[in-house]
Amino acid sequence: MALPGSKIALHWRILIGLALGIIAGVIINTSWTRDTWAAMGVNSPEVLIKGGKAATDSLKPGNPNEYADLTARIAAHARQANEFVGQLFMRGLKFIAVPIVLFSLVAGVASLNDTRKLGRIGGKTIGIYLCTTALAITIGLLAANLAKPGKSFPEEKRIQLASQSQAAADVKVKSAETERAKSPWKIVLELFPENPFESMAQGKTLQVVVVGLLVGFAITLLPKEQATPLIQFFEGMTSVVIKIVEVILKIAPIAVFSLIVTQIADLGIDVLQSLLLYCLTVVGGLAVMMFLVYPLLLKVFTPVGYGRFFKAISPAQLLAFSSSSSGATMPVTMECVEKRLGVSEDVTSFVIPVGATINMDGTALYQGVAAVFIAQMFNMPLSIVDQLTIVLTATLASIGTAAVPGVGIVMLVIVLESVGLPLEGIAVILGVDRILDMCRTSVNVTGDCMVAAVVAHSENELLAPEQIAASSSRPLDEHPPL
Ligand code: ASP
C-alpha cells in the first residue's frame, strides 16, 4: 500500500505537513483560548502563556463549565490526539538514536584502520564547531545592538510578562544550578563512561561516541580472522537501523503535522505580539546564519551549492523545527547527510552525533540576542569586555546545552550571570521561548550538516551528486512504497 502523496519528494511532503499543521494549530489555538476563556471561566495567568494546557484541566468531569463550549472540547481532543501521534514518533526517533551512533561508529572506526585519520577528523570537527559558534554569537550580538529590541520596551509590559511567568522562570533558573556547579575538568571527565551500558541506557550521546570509538579501535587491534566477522556484524546492524530510519522518514510528514499542531495550539499569541521586535531580531540573526553564513562557508570550502545543500538536508531541518530537539532529529540528520548530501559514513557517524551534542550555533546566537535584549530592557549598558565575555560564556554554555527542547534558556542563566545581568529577564522572554527554540534548533542541525560537508570534502570523502545516485541502488525517495 502506498502512503498518500508518496510520489511527491520527501521534503515537499514534510513541508506540506508543516504548513497544514500550522493552520490547524492556529485554528485550535484560537478556538481553544480566546473564544472560550470567558465561557470556561479560565483566567489564571498560566492560560495567557499556555492557553491549551490549563483549558484542558478546566474540562475535567465535574467542572461546571464542562459542556460550556463544544468547540473548546473538540479542539482539546484534537490537540491531545496530535500530541499522542507526535510523541509516538519522537519515541521512535529516540529509540534508534543510541543504536545508530554506536553501530555506525564501531563499523566505521573498525574498518578505518587509520587512527591518525580519526584524530584529524576529530580535530577539524571540533575546531570548526567552536569557530562557527563564536561567529554565531557575534552575529546575535550585532543584530541586537543594531535592532535595539529592548531599548523602548515598556516597563509595565516587562512587569506584566515577568509576573506571568515568574514561577516557570524560577524552575529554569534552578535547573541552571547543577550546570553552573560543574568545573571544566568535570565536564571533560564526564565524557568517559564508567559503565557503557548506563551511558547507552541514559542516552548520553557523547559517552556513546566514546564507547563506539573505543570498541571500533579495539577491533582494529584484533587478528583479521577475528575482526572480520565483528565488522560484518556492526555493518549489518547499521544497515538494520538505517532501514528503521527510512521507515520513520516515511511517516515524518504526518508526524511533523502533529508535532506542529501541538506547539502552535499552545502558543500564547498575545505574548508573541508584545515581544515581536525581540523575536524578529532572533529570527533575523538565525536567518543570516542559515541562509548566508553556512552557504558562504560551503561555497568557500566545498563544491556543494545552495540548492543541493538545502534539498538534501531539509527533512532534518523541518523535523528539528517541529520537534525542537536536535538530539531526537539526529538519526534523520545522519540519513540526510549520508544518503542525500553524499558525506561518507566515517565522517557522518562521527561529525553528526558530536555536533548534535556540542554544536549549537542557533542556541548561541539566541543567547547573544537575549542577553543584549535584557541589558537594554533594564537599562544596563554592556561594554565591549562584557560582550566578549558573552561570546566566551555562550560558546561554552552552548556546548553544555543538552540537545532537547528548552535547555537553551536554562544555559542563558549562566550567560546572564557572567556579566551581572538580572535573571528576572528570563521570566520576560520565557513566553516566546518555544517558538524561538524551534527556529534555533533548525539552525543547530543545519550547522552540523554544513560542518559534515566541509570535513568530508577536506578528507576527499564527499560524493558528487552523480556518485550519490550511483552508490545507492535505491535512493531515499525511490524506495518501494510502504
Ligand atoms: N532545543 C535545542 C536543541 O535541541 C537546544 C536549545 O536551544 O534549547 O538543539
Side-chain angles (χ1 to χ4, degrees), residues 9-12 14-15 104 108 111-112 114 116-136 139 242 245 249 286-320 326 329-356 359 361-362 442-478:
L10 178 68
H11 52 278
W12 286 118
I14 298 184
L15 203 61
S104 61
S111 48
L112 205 59
D114 180 359
R116 263 182 319 181
K117 179 179 168 191
L118 202 64
R120 224 175 34 235
I121 295 181
K124 282 184 206 169
T125 306
I126 293 175
I128 308 176
Y129 278 155
L130 288 177
C131 293
T132 52
T133 305
L135 180 67
I139 292 175
I242 286 177
V245 180
L249 266 176
L286 292 174
V288 168
M289 200 67 201
M290 187 187 289
F291 298 112
L292 288 178
V293 176
Y294 292 148
L296 197 72
L297 291 174
L298 282 172
K299 198 169 169 50
V300 175
F301 295 107
T302 73
V304 178
Y306 213 88
R308 176 179 162 197
F309 181 64
F310 285 107
K311 197 169 164 211
I313 67 154
S314 49
Q317 290 179 304
L318 295 168
L319 191 58
S326 30
T329 310
M330 187 178 60
V332 174
T333 317
M334 289 177 82
E335 176 79 4
C336 290
V337 163
E338 197 184 324
K339 296 279 161 60
R340 295 166 66 108
L341 194 57
V343 173
S344 70
E345 191 192 343
D346 292 348
V347 173
T348 306
S349 62
F350 179 78
V351 177
I352 298 299
V354 171
N359 184 47
D361 296 346
S442 301
V443 173
N444 290 345
V445 166
T446 311
D448 300 343
C449 299
M450 185 279 293
V451 175
V454 171
V455 172
H457 184 63
S458 73
E459 292 289 323
N460 217 353
E461 292 198 15
L462 180 68
L463 297 181
E466 324 73 73
Q467 291 172 305
I468 302 174
S471 76
S472 163
S473 50
R474 292 187 305 181
L476 197 60
D477 283 341
E478 290 158 29

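Model, not experiment: these values are computed from the prediction.
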Grab the two heavy atoms, one from Leu249 and one from Glu335, that are nearest each other, plus how far apart they are. CD1-CG, 3.8 Å
Which pairs with one or both residues in residues 444-464 pass side chain to side chain donor-acceptor pair (under 3.5 Å), sequence neighbours excluded? Lys117-Glu461, Arg120-Glu459, Lys124-Ser458, Lys124-Glu459, Gln317-Thr446, Ser344-Glu461, Asn359-Asp448, Thr363-Asn444
If you round to the nearest 0.5 Å, how far is CD1 of Ile128 from OG1 of Thr133? 11.5 Å
Just how far is it from atom CG of Leu318 to atom OG of Ser442, taken to the nearest 0.5 Å? 7.5 Å
NE2 (His11) and CG (Leu319) are apart, to the nearest 0.5 Å, by 15.0 Å
Does any part of the side chain of Met334, heavy atoms only, come nearer than 4.5 Å to the side chain of Val245, both counted from C-beta? no
Using the side-chain contact (heavy atoms from CB on, under 4.5 Å) definition, which of the options Ile313, Val445, Val337, Leu298 pairs with Met450? Leu298
Are any of the side-chain heavy atoms of Pro315 and Arg340 separated by less than 4.5 Å? yes
Under 3.5 Å donor-acceptor pairs involving side-chain atoms of residues 288-295, not counting sequence neighbours:
| from | atom 1 | to | atom 2 | distance (Å) |
| --- | --- | --- | --- | --- |
| Tyr294 | OH | Asp361 | OD2 | 2.5 |

Check whether Tyr129 reaches the backbone of Val351 with its side chain - one donor and one acceptor, N or O, closer than 3.5 Å. yes
Rounded to the nearest 0.5 Å, what separates atom CG in Leu297 from atom OG1 in Thr302? 9.5 Å
Might you point out which heavy atoms bring Thr333 and Cys449 nearest each other, and give the distance in Å? CG2-SG, 3.6 Å
dist Ser349:OG -> Ile121:CD1 (nearest 0.5 Å) comes out at 8.5 Å
With a cut-off of 6.0 Å (strictly less than), are more than 12 heavy atoms of other residues, nucleotides or ligands near CZ of Phe310? yes
Interatomic spacing from CD1 in Ile352 to OG1 in Thr329 - rounded to 0.5 Å: 11.5 Å
Non-hydrogen atoms of Ala452 and Val347 that approach each other most closely: O-CG1, 3.8 Å
